[in-house]
Amino acid sequence: MITVSTAILAPGPARAGTVPSRNSRDVPAPGPPVLRFGDGAGLGREIVAVKKRLNGLGFNAGPPTPVYDSGMRTAVWAFQKANGMRPLDRIDTATWRALVHPARIRPLVRDGEPSRVEIDLRRQLLTVWRRGRPVLVSHVSTGAERSYCERGHCGFADTPPGDFRVGERVRGWSMGYLGAMYYPVYFNGGIAIHGSTLVPRYPASHGCARIPLNNAVPLFRLARPGEPVHVRRPAPERDRLPDRGTDRDANRGTDRGTDRGTDRDADGRR
């Protein structure tokens, strides 16, 4: 068992939307224990340190409680994918090393506006950029690339690549014709980015971009109407090890709503 430096525990968790810290002193020295989803007792100090580190890097693991919970789980998935690794339910040696020397988040659109949202369909990652810096990086589950007929609606589950703009944003829970969505942010007709209770590690939606519930409100607050949303399917070579600094349970009923035009509450009141 390694000794976690008290310097790791000093910084508080950063809020989504702040410029991420890359200070490698915020993580344990090499040789920490493997942490697994569901861990808590006896490993709380290390878990708190990882949550603070992930929050500081913009991955929003939630409050720094001493439990490897669902918020930390999906934040770890996002972090691992952003660092060229497979998303796992554990923090292994490679993940610890990446926490010390994290990869730089590379833009999908190099000449994009300073404030924008990008969705990587191949890696299933969403990144919110502010002033040219990534401030929120989230695991996402997009269209399942399959035909469906559910609740009287048939179609092809697809999240089309392209360049779009943030449209209507709906507060709270909203009912689309295929199910419930949490704080949806529409960007392509009836296709939205929205919180969901089930965001698996593979594309599973009817076309929307599902994100973990704990990222729905931060995304809602960051994505302003009219801002660009770029959806891309980059070539596989992007998965080569990124530059580093120095220091299947799908929710089939949570997806497309109807096209809308203004911000309003989920019950339809303006």
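Excluded from the calculations below are hydrogen atoms, water molecules and symmetry mates; all remaining heavy atoms, backbone and side chain alike, are included. Numbers for residues simply follow the sequence, beginning at 1.
Side-chain contact check for N60 versus L54: every heavy-atom pair is 4.5 Å or farther apart. The shortest side-chain heavy-atom distance between P87 and V76 does not fall under the 4.5 Å cut-off. The shortest side-chain heavy-atom distance between F187 and V231 falls under the 4.5 Å cut-off. A 4.5 Å side-chain heavy-atom check between Y186 and M181 finds at least one atom pair inside the cut-off. The shortest side-chain heavy-atom distance between R232 and P161 does not fall under the 4.5 Å cut-off. Inter-residue side-chain proximity for L126 and L219 is flagged as met; some heavy-atom pair is nearer than 4.5 Å. Proximity of E150 to H206: side-chain heavy atoms (C-beta onward) are separated by under 4.5 Å at one or more points. Side chains of R169 and P184 form no contact here, defined as non-hydrogen atoms less than 4.5 Å apart.
For N214, the side-chain hydrogen bond (donor to acceptor under 3.5 Å, both in side chains) test picks out no residue, with sequence neighbours left out. Remark: R73 pairs with D89 by the side-chain hydrogen bond (donor to acceptor under 3.5 Å, both in side chains) rule, at least two apart or across chains. For D92, the side-chain hydrogen bond (donor to acceptor under 3.5 Å, both in side chains) test picks out T95, with sequence neighbours left out. Annotation: salt bridge (Lys or Arg N to Asp or Glu O under 4.0 Å) contacts of D69 (sequence neighbours excluded): K51. Residues forming a side-chain contact (heavy atoms from CB on, under 4.5 Å) with V34 (at least two apart in sequence, or on another chain): R36, R90. The side-chain hydrogen bond (donor to acceptor under 3.5 Å, both in side chains) search around S141 returns none, not counting sequence neighbours. Every residue two or more places apart in sequence or in another chain that forms a salt bridge (Lys or Arg N to Asp or Glu O under 4.0 Å) with R165 is listed here: E113.
The closest donor-acceptor contact from the side chain of N55 to the backbone of A61 lies under 3.5 Å. The backbone N or O of Q124 lies less than 3.5 Å from a partner atom in the side chain of K81, making a donor-acceptor pair. Not a single donor-acceptor pair under 3.5 Å links the side chain of T142 to the backbone N or O of P203.
The existence of a salt bridge linking R233 and E145 is confirmed by a sub-4.0 Å separation between a basic side-chain nitrogen and an acidic carboxylate oxygen.
The heavy-atom pair separating P134 from T127 by the smallest distance is CB-CG2, 3.8 Å. The minimum heavy-atom distance between I191 and P160, with the atom names listed, is CD1-CD, 3.6 Å. A103 and N83 get closest at one heavy-atom pair: N-OD1, 2.8 Å. Annotation for C208 and A192: closest pair CB-O, 3.1 Å, computed over non-hydrogen atoms. When all heavy atoms of L108 and I119 are compared, the pair lying nearest together is CD1-O, 3.5 Å. A pairwise comparison of heavy atoms in L125 and V140 identifies N-CG1, 3.3 Å as the closest pair.
Contacts classified as disulfide (SG to SG under 2.5 Å) and involving residues 94-147 (residues at least two apart or in different chains) are not found. Within the structure, every pair that satisfies the disulfide (SG to SG under 2.5 Å) test and touches residues 43-162, not counting sequence neighbours, is listed here: C149-C154. Screening residues 46-76 for disulfide (SG to SG under 2.5 Å) gives no qualifying pairs among residues at least two apart or on separate chains. Pairs passing the ring-ring contact (aromatic ring centres under 6.0 Å, His included) check and including a residue from residues 48-93, sequence neighbours excluded, read F59-F79, W77-H139. Residue pairs satisfying the disulfide (SG to SG under 2.5 Å) criterion with at least one member in residues 71-128, sequence neighbours excluded, are absent.
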* What do the steps show when you test R116 against H230 for side chain to side chain contact (heavy atoms under 4.5 Å, CB included), and what is the final call? -> CA-CA 8 Å; R116 64 190 186 277; H230 302 290; 3.8 Å; yes

* To do: Test V199 against T74 for side chain to side chain contact (heavy atoms under 4.5 Å, CB included), laying out the working first.
  => CA-CA 9 Å; V199 190; T74 54; 5.6 Å; no

* **Worked check of side chain to side chain contact (heavy atoms under 4.5 Å, CB included) between V185 and V166** => CA-CA 7 Å; V185 173; V166 173; 3.7 Å; yes

* Full working for side chain to side chain contact (heavy atoms under 4.5 Å, CB included) between Y182 and V217 -> CA-CA 8 Å; Y182 189 57; V217 173; 4.1 Å; yes

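The aromatic ring centres of H194 and Y183 sit 6.0 Å or more apart.
Going from atom CG of L178 over to atom OH of Y148 covers 5.0 Å, rounded to the nearest 0.5 Å. Expressed to the nearest 0.5 Å, how far CG of D158 lies from OG of S205 amounts to 9.0 Å. In this structure, OG on S115 lies 4.5 Å from CZ on R130, to the nearest 0.5 angstrom.
M72 and V67 fall into different hydrophobic clusters, where Ile, Leu, Val, Met, Phe, Trp and Tyr are joined by side-chain heavy atoms under 4.5 Å apart, directly or via other members. Residues L35 and L88 do not share a hydrophobic cluster, clusters being chains of Ile/Leu/Val/Met/Phe/Trp/Tyr side chains in contact below 4.5 Å. A single hydrophobic cluster is seen to contain both I91 and I47, as judged by linkage of ILVMFWY side chains at heavy-atom distances under 4.5 Å, directly or through other members.
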